[in-house]
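Reviewing the structure listed below.
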Amino acid sequence: MEIGGMIRDIQQEVQVNITSMGDGRDKVRDTEEDFQRAQNAIAAIVEEVNHMRDFTFEIAHASEEQAATAQNISDQLQGISQR
């Protein structure tokens with residue numbers, strides 16, 4: 001094989017390797033971006049779940065207060081009716 005042909009073959013292989021490395025770098029960047037989006041989505045979900053938990057606690061507390069008030073009214077009505 002002549003030197004010129006060997007040099008062209010080496011240049012082609014180098015170009016293929018450079019292209020492959022560029023493709024690999026692009027895939028890594030895309031994967032990092034996908035990971036960041038997933039991480040942001042998970043953080044948003046956790047935040048919403050925490051808001052829902054807080055809201056549920058507020059509803060439970062209000063229900064307890066309502067039940068206590070209803071019991072108090074019932075007790076008072078019973079007391080009035082026994083007089």
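Just so it is clear, the model here is predicted, and its values are computed rather than measured. Only heavy atoms go into these numbers, but all of them, side chains included; no hydrogens, no water, no symmetry mates.
Residues passing the side chain to side chain donor-acceptor pair (under 3.5 Å) test with E32: none are found, sequence neighbours excluded. For I42, the side-chain contact (heavy atoms from CB on, under 4.5 Å) partners are V46, not counting sequence neighbours. Every side-chain contact (heavy atoms from CB on, under 4.5 Å) that F55 has, sequence neighbours left out, goes to E58, I59. With sequence neighbours left out, D30 forms a side chain to side chain donor-acceptor pair (under 3.5 Å) with no residue at all. For D54, there are no side chain to side chain donor-acceptor pair (under 3.5 Å) partners two or more places apart in sequence or in a different chain. With sequence neighbours excluded, the residues satisfying salt bridge (Lys or Arg N to Asp or Glu O under 4.0 Å) with D34 are R37. Take Q36 and apply the side chain to side chain donor-acceptor pair (under 3.5 Å) test, not counting sequence neighbours, and it matches N40.
Here I80 sits alone; no ILVMFWY side chain lies under 4.5 Å from its own, so it joins no hydrophobic cluster. Hydrophobic cluster of F57: no remaining members, since no ILVMFWY side chain lies below 4.5 Å from it.
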Distance-only check: which donor-acceptor pairs under 3.5 Å involve side-chain atoms of residues 67-79, not counting sequence neighbours?
{"residue": "T69", "atom": "OG1", "partner": "E65", "partner atom": "O", "Å": "2.9"}
{"residue": "Q71", "atom": "NE2", "partner": "D75", "partner atom": "OD1", "Å": "2.8"}
{"residue": "N72", "atom": "OD1", "partner": "Q76", "partner atom": "NE2", "Å": "3.2"}

List, one per line, each side-chain donor-acceptor pair under 3.5 Å for residues 18-28, sequence neighbours excluded.
{"residue": "T19", "atom": "OG1", "partner": "Q15", "partner atom": "O", "Å": "2.9"}
{"residue": "S20", "atom": "OG", "partner": "V16", "partner atom": "O", "Å": "3.0"}
{"residue": "D26", "atom": "OD1", "partner": "R29", "partner atom": "NH1", "Å": "3.1"}

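Residue Q66 holds its CD atom at 11.5 Å from CD of E64, rounded to the nearest 0.5 Å. For the atom pair CG of N50 and CZ of R53, the computed distance is 4.5 Å after rounding to the nearest 0.5 Å.
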